[in-house]
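Note sheet for the following structure.
FYI, side chains are in, hydrogens and waters are out, and symmetry mates aren't considered; it's all heavy atoms of this structure. It should be emphasised that the depicted structure is a prediction, and the values quoted were computed from it without experimental measurement.
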Amino acid sequence: GSGTGKSVTIKNIIGLIEPDSGDILLDGQSILGARGAKRDALLERFGMLFQGSALFDSLTVWQNVAFRLLRGSLKRPTEEAREIAIEKLRRVSLKPDVADRLPAELSGGMQKRVGIARSIVLNPKYLFCDEPNSGLDPKTAILIDELINSITKENQITTVINTHDMNSVMGI
């Protein structure tokens with residue numbers, strides 16, 4: 001049900017917030033308290049598709065996708081990060097010409113695809129999807145479900161989906 005902590009649990013697992021108590025283990029290793037490059041190495045195993053896509057309005061689409069590749073210990077040269085971003089955009093069926101647009105110029109379904117591209121930019125081992133179909137029309141929701149399903153299978157990753165949409169659950 002609503003308000004039971006599903007999204008908070010995911011945010012704890014991926015390191016956006018720290019739990020008040022307890023521990024979070026990844027392959028037997030605590031991710032709590034990890035800092036800097038060690039934290040980045042642990043967290044690069046996770047991809048996250050946020051409910052509202054959580055795109056940065058002031059960044060172009062490719063910069064949103066490449067966000068984790070443009071800073072910190074995972075930083076890559078700008079041109080390389082852009083190429084990877086465009087490759088991931090293609091994977092979610094978006095043409096390279098959207099790369100230089102701003103998120104506000106895209107439909108809700110396209111923004112969701114950008115969010116998926118960002119979530120797989122580091123080829124994660126685990127993908128978390130928080131209400132992936134929120135705000136989408138039924139046809140687009142089915143396409144997003146199919147996309148998440150195919151990415152999960154083709155990359156052999158574990159995907160956790162938090163949703164209230166039982167049609168989505170049954171479809172996946």
Side-chain angles (χ1 to χ4, degrees), residues 1-35 38-56 59 61 63-74 84-85 87-89 91-94 103 108-136 140-172:
S2 297
T4 59
K6 297 179 300 296
S7 297
V8 171
T9 299
I10 290 173
K11 288 175 184 175
N12 273 275
I13 292 169
I14 67 167
L16 285 180
I17 56 178
E18 285 207 12
D20 295 331
S21 63
D23 203 354
I24 298 171
L25 304 177
L26 175 63
D27 296 328
Q29 183 179 12
S30 176
I31 63 171
L32 299 181
R35 301 287 180 252
K38 181 179 179 184
R39 182 176 190 271
D40 287 348
L42 287 168
L43 296 180
E44 75 179 74
R45 297 182 196 174
F46 298 126
M48 178 69 190
L49 174 61
F50 295 93
Q51 181 172 350
S53 298
L55 302 177
F56 299 102
L59 299 179
V61 166
Q63 290 169 324
N64 268 281
V65 173
F67 188 78
R68 292 177 73 187
L69 300 174
L70 294 170
R71 57 201 34 81
S73 64
L74 302 174
I84 293 169
E87 171 195 329
K88 297 304 179 182
L89 288 169
R91 174 57 195 92
V92 298
S93 303
L94 290 174
M110 291 173 77
Q111 288 180 17
K112 194 65 74 167
R113 288 174 187 271
V114 172
I116 294 170
R118 181 180 57 196
S119 74
I120 62 170
V121 75
L122 295 176
N123 302 313
K125 185 174 178 180
Y126 308 99
L127 177 61
F128 293 92
C129 302
D130 191 12
E131 295 286 354
N133 296 325
S134 178
L136 300 177
T140 303
I142 290 169
L143 293 173
I144 295 299
D145 287 344
E146 290 170 352
L147 181 59
I148 291 169
N149 204 7
S150 67
I151 286 171
T152 297
K153 288 178 181 176
E154 113 190 0
N155 295 304
Q156 298 181 334
I157 59 177
T158 298
T159 299
V160 176
I161 299 174
N162 166 23
T163 185
H164 291 99
D165 182 349
M166 288 299 108
N167 290 327
S168 175
V169 171
M170 298 309 289
I172 292 174

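- Remark: side-chain polar atoms of R45 are not paired, donor with acceptor, to backbone N or O of K125 under 3.5 angstrom.
- Taking every heavy atom of both residues into account, Q111 and P103 meet most closely at NE2-O, 2.8 Å.
- In terms of heavy-atom proximity, I13 sits nearest to F128 at CG2-CZ, 3.6 Å.
- Of all the heavy atoms in N133 and S168, the pair that sits closest is ND2-OG, 3.2 Å.
- Crowding of M166 atom CE: a count of heavy atoms from other residues, nucleotides or ligands under 6.0 Å exceeding 12.
- A distance of 3.5 Å separates NZ of K6 from NE2 of H164, quoted to the nearest 0.5 Å.
- A donor-acceptor pair under 3.5 Å links the side-chain atoms of N64 to the main chain of F56, judged by distance alone.
- Partner of L49 under the side chain to side chain contact (heavy atoms under 4.5 Å, CB included) criterion, out of K112, R118, E131: K112 alone.
- Rounded to the nearest 0.5 Å, atoms CG (L32) and CG (L26) are 11.0 Å apart.
- For the atom pair CD1 of I120 and CD1 of I84, the computed distance is 12.0 Å after rounding to the nearest 0.5 Å.
- The local environment of CD in E154 is crowded, with over 12 non-hydrogen atoms from other residues, nucleotides or ligands closer than 6.0 Å.
- Of all heavy-atom pairs spanning T163 and P132, the tightest one is CB-CD, 4.5 Å.
- Listed for the N155 side chain is a donor-acceptor partner under 3.5 Å among the backbone atoms of I151.
- A85 approaches A66 most closely through the heavy-atom pair CB-CB, 4.0 Å.
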Test log, rule side-chain contact (heavy atoms from CB on, under 4.5 Å), inputs L122 and K88: CA-CA 10 Å; L122 295 176; K88 297 304 179 182; over 6 Å; no

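- Checked by atom type, the side-chain pair R91/S150 shows a donor-acceptor distance below 3.5 Å.
- C129 approaches T159 most closely through the heavy-atom pair SG-CG2, 4.1 Å.
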Residue pair Y126, T158: steps toward the side-chain contact (heavy atoms from CB on, under 4.5 Å) verdict: CA-CA 5 Å; Y126 308 99; T158 298; 3.8 Å; yes

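- Contact of the M110 side chain with the V114 side chain is not registered, since no non-hydrogen atoms from C-beta on lie closer than 4.5 Å.
- In this structure, L143 and R113 have side chains that are in contact, with non-hydrogen atoms separated by less than 4.5 Å.
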Worked verdict on I144 versus I116 for side-chain contact (heavy atoms from CB on, under 4.5 Å): CA-CA 9 Å; I144 295 299; I116 294 170; 4.1 Å; yes

